[in-house]
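Report on the structure given below.
Side chains included, hydrogens not; waters and symmetry mates left out as well; all remaining heavy atoms used. So you know, we letter chains A, B, ... as the sequences are listed, proteins then strands, and number each from 1.
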Amino acid sequence: MEEKEKPVDFIREIIREDLKNKKYDSRVHTRFPPEPNGYLHIGHAKSICLNFGIAEEFKGLCNLRFDDTNPTKEEVEYVEAIKKDVKWLGFDWQDREYYASDYFEKLYEYAVELIKKGKAYVCDLTADEIREYRGTLTAPGKDSPYRNRPVEENLDLFERMRKGEFSDGLRTLRAKIDMKSGNINMRDPVMYRILHAGHHMTGNKWCIYPIYDYAHCISDSIEGITHSICTLEFEDHRPLYDWFLDKLGVYHPRQIEFARLNLSHTVLSKRKLIQLVQEGHVKGWDDPRMPTISGLRRRGYTPKAIRNFCERIGIAKRENMVDMSLLEYCIREDLNKKAPRVMAVLRPLRVVIINYPEDQAEELEAINNPEDPLMGTRKVPFSRVLYVEKDDFRENPPKDFFRLAPGREVRLRYAYYITCVDVIKDRTTGEITELHCTYDPATRGGDSPDRRKVKATLHWVSAPNSIEAEIRLYDHLLTVPDPSEGKEGKDFKAYINPKSLETLTSCHVEPGLRHAAVGNRYQFERQGYFCVDSDSIEGKPVFNRTATLKDTWAKIEKKLI
RNA sequence: UGGGGCGUCGACAAACGGCAAGUCAGGAGAUUUUGGAUCUCCCAUGUGGAGGUUCGAAUCCUCCCGCCCCAGCCA
């Protein structure tokens, strides 16, 4: 071991300490407990990486447990999606796929036990009345008139609740704790509610369902979890978590809370995400603009980049707002090493090489990835008529623009030096339609024998050999880093970026991309990283821009304005 | 006016009484057949504030200030 160890977060520190003290029989067992009522997002990835990561590091286990105690909100579609996403991120729960609903019977037995111990009672107050009796943040609550119901009566009523004798909301089972507690969660919280609703796992077996606080701690206990990691808003619930387990006298894991992830220029709340989907602001949960795992996957993100991101952001208890640029950095870092380079012209400008023989054609050798010689080379066709990027030509170049301009010589990557000799415009609109250039045959491959320098290297495609493609450019979902900092009364939807998607339909890409498989990732030289979308059809691929390349020129240009 | 948390660089985040790490962002330069990548350097005389303890305080104590969470039969 080196002297200087990588700093660890406070949770791993607690675990190290527990291990040192031989707590929990020196076991480490965590769990990731999603509620199957929505898709996983990058914030969940933080939790997944934490829980599964800890299990790996400490040679422990991590369970996948669906927290399915509310049948009115949960669906199988979500459990399938969640499993797919966790797997895709690279984590394995082996055979430990559990559901809180697996424990409904046990939960019921424990509830009966609490009733017998005088720690729980059936309450006939309505939801409104319970709210009234609860008091407020500053005023204590008052006892329910049903609080001192005899044990036998509670037992009878609770059994009849289960049997379905009462309609929804008629009665609840409540923990008998302290209506005057400063912690509102301790003011006789509801443990069970009556809900005549079918459940995705248990069907119509139950018409009473346990509340999170009651179900979660016991599920953790049953599974032998050692460290039950959750987010900060559950800090106030910890005394309740402890209370149930203490009163029952069962195995008692430790709940630890950390700060959830906030990411700039997007939203990470299930409620808001579901709103974006349902109101059609995006095309679905896997829209590449979404911060969902499925959205990021379709966008072209790799599991490695996401896991790396989660490692870099760290774990702490402070509220945070991580810059989207860090996520982008992580995907560039990964793809720079892995993605084959290819040339694609997004906004084509026709270039005719006037001194290149009409009937001539040739193939030039291009390097697939300068970062990795093992990835080899490929041939790209060259001809008299090419496309270059519109942005790469300026009739009146500003200072520091060193791409193509009238009279200027530049290099075509892996091809030749060319010089712009004429600018052809549309007579009526004045729009530049074509460039006439000459090439220097001595510069084949991109080097000049006389060592003369050109300041720019342009990507290009051969017009007759290129194939057409659709390319979708994505930008931030929101125009502001943090929508909650906006004007009073403005919700996040007021900041939805109208330019978050730009679809380019007449792009030209290298012929080698004709049969690119869905999901393949490439670097389009000088443009960014792109991946093949599932909307692709034979002969007409569709690409999603995963991330741009760093663009120094764009920065310079911005300053000029 | 209750209870629970949290304040270290633009954004994350270390430090555990002994010289304020690192990363992203930003800036400058080198290099470059991607204005990419890579490399070098710069970027907190100071840790929300004020006192105190100490040879020594981001760290311990006191008071103050600010921010977040809790009044679902949601999780």
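- Partner assigned to B:A50 is B:U62, using Watson-Crick or G-U wobble distances below 3.5 angstrom.
- Relative orientation of the A:Y209 and A:F104 rings is perpendicular, given thresholds of 30° and 60° on the angle between their planes.
- Close to B:G3, at under 4.0 Å from its OP1 or OP2, lies no side-chain N or O of A:S181.
- Near RNA chain B, defined here as any heavy-atom distance below 4.0 Å, the residues from residues 326-334 of chain A are A:L326, A:Y329, listed numerically.
- With both pairing distances under 3.5 Å, B:U32 is matched to nothing as a Watson-Crick or G-U wobble pair.
- Closest approach to the A:D236 side chain among B:C24, B:C69, B:C73 is made by B:C69 (side chain taken as heavy atoms from C-beta onward).
- Under the 30°/60° scheme for interplanar angles, the aromatic rings of A:H237 and A:F234 are found to stand perpendicular.
- The phosphate of B:G26 (OP1 or OP2) has no side-chain N or O of A:K550 nearer than 4.0 angstrom.
- As the counterpart of B:A57, no nucleotide is assigned, since no Watson-Crick or G-U wobble pattern has both distances under 3.5 Å.
- Residue A:R134 has a polar side-chain atom (N or O) positioned under 4.0 Å from OP1 or OP2 of B:C73.
- A:L273 places a side-chain heavy atom less than 4.5 Å from the side chain of A:P291.
- Between B:A71, B:G35, B:C12, one nucleotide has an atom nearer to the side chain of A:T136 than all others, and that is B:A71.
- Taking the side chain of A:E371 as heavy atoms from C-beta on, and the options B:C12, B:G35, B:A37, the nearest nucleotide is B:A37.
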